[in-house]
A.B. asks: 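Quick one: this structure, given as structure tokens, is what I'll be asking you about.
Computation of the quantities below employed the complete heavy-atom set of this structure, encompassing side-chain atoms and omitting hydrogens, waters and symmetry-equivalent molecules. As the structure is a computational prediction, the values presented were derived from the model and not from experiment.
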Amino acid sequence: MGTPRLSSTPLPGIGVRYDLTTREQRRISVVAHRDGGRTLSAYRKDDPDACALSVRLSAGESDALIDALMPAHHSPSLLSTTELGLVAERIELSSTSHWNGRLLGETCMRTETGVSIVAVLRRAEAIPSPAPDFRLAGGDTLIVIGTREGVESAATILGRE
């Protein structure tokens with residue numbers, strides 16, 4: 001049997017698509033929409049490009065599904081960002097981004113959107129709490145926390161080419 005494989009693809013203005021190929025060579029994808037909703041799709045085994053099922057889930061329905069898949073994933077000491085009106089999201093910086101090679105402080109992210117960039121993922125490295133003099137690079141994934149509106153504005157700003 002093969003090993004399960006997971007890949008992700010940024011969908012500018014929409015969110016991120018996650019594709020899972022199971023050890024049985026079945027393909028499942030989840031589109032994580034910026035509004036917190038999810039679209040879950042399963043593909044036919046005999047034709048991995050033919051969608052056999054596609055279901056749009058609200059943020060609440062997505063949470064319920066996560067609870068069903070991982071019932072022990074919650075801990076009372078964990079911060080639940082949804083109860084506070086905050087969201088955490090990954091935003092990938094493209095290689096053609098206006099911000100490629102520029103300093104994080106030049107984005108004026110917190111001033112313009114109210115969003116905090118709490119970490120940057122670069123290759124196999126995580127840079128927590130990047131300072132304003134941190135130089136951004138294409139392919140970086142920025143972990144941002146803020147309101148839904150702020151995160152959407154941040155994605156727009158960071159998607160600038």
Side-chain angles (χ1 to χ4, degrees), residues 3-21 27-41 56-161:
T3 305
R5 294 183 313 272
L6 182 67
S7 64
S8 66
T9 305
L11 302 173
I14 298 170
V16 178
R17 185 184 74 218
Y18 298 94
D19 292 303
L20 171 69
T21 303
R27 202 179 81 153
I28 300 169
S29 72
V30 175
V31 175
H33 298 272
R34 294 204 179 284
D35 66 3
R38 303 290 188 261
T39 301
L40 174 67
S41 301
R56 172 79 169 161
L57 303 170
S58 69
E61 292 165 337
S62 299
D63 289 342
L65 181 58
I66 289 168
D67 285 338
L69 293 171
M70 295 181 54
H73 80 286
H74 287 295
S75 163
S77 63
L78 272 173
L79 173 65
S80 176
T81 56
T82 56
E83 291 175 11
L84 299 175
L86 299 174
V87 294
E89 195 160 318
R90 297 172 181 238
I91 300 175
E92 187 170 335
L93 201 66
S94 78
S95 60
T96 59
S97 172
H98 168 79
W99 305 107
N100 187 7
R102 295 180 183 246
L103 300 178
L104 178 61
E106 292 178 54
T107 67
C108 299
M109 193 58 58
R110 188 173 295 146
T111 304
E112 296 293 322
T113 68
V115 163
S116 293
I117 298 172
V118 297
V120 175
L121 308 178
R122 182 176 285 166
R123 293 182 217 64
E125 182 182 9
I127 299 101
S129 303
D133 64 349
F134 178 82
R135 193 162 302 277
L136 297 168
D140 283 352
T141 299
L142 286 68
I143 308 299
V144 300
I145 294 181
T147 63
R148 168 61 44 211
E149 297 79 21
V151 169
E152 287 176 1
S153 294
T156 300
I157 290 168
L158 292 168
R160 180 177 159 204
E161 295 192 3

A.B. asks: Would you mind reporting whether Ile157 and Glu112 have side-chain heavy atoms less than 4.5 Å apart?
C.D. replies: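 Yes. Closest side-chain heavy atoms under 4.5 Å.
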A.B. asks: Quick one: closest heavy-atom pair of Leu121 and Ala126, and the distance?
C.D. replies: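 Answer, listing the atom of Leu121 first, then Ala126: CD2-CB, 3.8 Å.
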A.B. asks: Could you tell me if the side chain of Val144 sits less than 4.5 Å from the side chain of Met109, heavy atoms only?
C.D. replies: no
A.B. asks: Would you find more than 12 non-hydrogen atoms of other residues, nucleotides or ligands less than 6.0 Å from Arg110 atom CZ?
C.D. replies: no
A.B. asks: For Leu104, does its backbone N or O pair with a side-chain atom of Thr107 as donor and acceptor, under 3.5 Å?
C.D. replies: yes
A.B. asks: Mind listing the closest non-hydrogen atom pair of Val120 and Pro130 along with its distance?
C.D. replies: CG2-CG, 3.8 Å
A.B. asks: Step by step, work out the side-chain contact (heavy atoms from CB on, under 4.5 Å) result for His33 and Ile14.
C.D. replies: CA-CA 5 Å; His33 298 272; Ile14 298 170; 3.7 Å; yes
A.B. asks: Between atom CD1 of Ile91 and atom OG1 of Thr141, what is the distance when rounded to the nearest 0.5 Å?
C.D. replies: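 With rounding to 0.5 Å, CD1 (Ile91) is 10.0 Å from OG1 (Thr141).
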A.B. asks: Would a 4.5 Å heavy-atom cut-off, applied to side chains only, mark Leu142 and Leu136 as touching?
C.D. replies: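 Leu142 vs Leu136: side chains touch.
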A.B. asks: Less than 4.5 Å apart, any side-chain heavy atom of Leu40 and any of Leu65?
C.D. replies: yes
A.B. asks: Minimum heavy-atom separation for Pro10 to Glu92, with atom names?
C.D. replies: CG-OE1, 3.3 Å
A.B. asks: Atom CG in Leu158, atom NE2 in His98: separation rounded to 0.5 Å?
C.D. replies: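 Reported value, rounded in 0.5 Å steps: 10.5 Å.
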A.B. asks: Yes or no on side-chain contact (heavy atoms from CB on, under 4.5 Å) for Ile127 and Asp140, after CA distance, side-chain angles and deciding distance?
C.D. replies: CA-CA 10 Å; Ile127 299 101; Asp140 283 352; over 6 Å; no
A.B. asks: Give, for atom CZ of Arg56 and atom CD of Glu61, the distance between the pair rounded to the nearest 0.5 Å.
C.D. replies: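 It comes to 9.5 Å.
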A.B. asks: Taking all atoms of both residues into account, what is the closest heavy-atom pair of Asn100 and Ser95, and its distance?
C.D. replies: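 Taking Asn100 first and Ser95 second, the nearest heavy atoms are ND2-O, 2.9 Å.
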A.B. asks: When you measure from the side chain of Arg38 to the backbone N and O of Gly36, does any donor-acceptor pair fall under 3.5 Å?
C.D. replies: yes
A.B. asks: Considering all heavy atoms of both residues, which atom of Asp19 and which atom of Ser29 are nearest to each other, and what is their separation?
C.D. replies: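 Distance-wise, the nearest heavy atoms are OD1-CB, 3.0 Å.
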A.B. asks: Output the distance between atom OG1 (Thr147) and atom CD (Glu152), rounded to the nearest 0.5 Å.
C.D. replies: 8.5 Å
A.B. asks: Can you give me the closest heavy-atom contact between Arg27 and Thr21, atom names plus distance?
C.D. replies: CG-OG1, 4.2 Å
A.B. asks: Would you compute the distance between atom CD1 of Ile145 and atom OG of Ser116 and round it to the nearest 0.5 angstrom?
C.D. replies: 7.5 Å
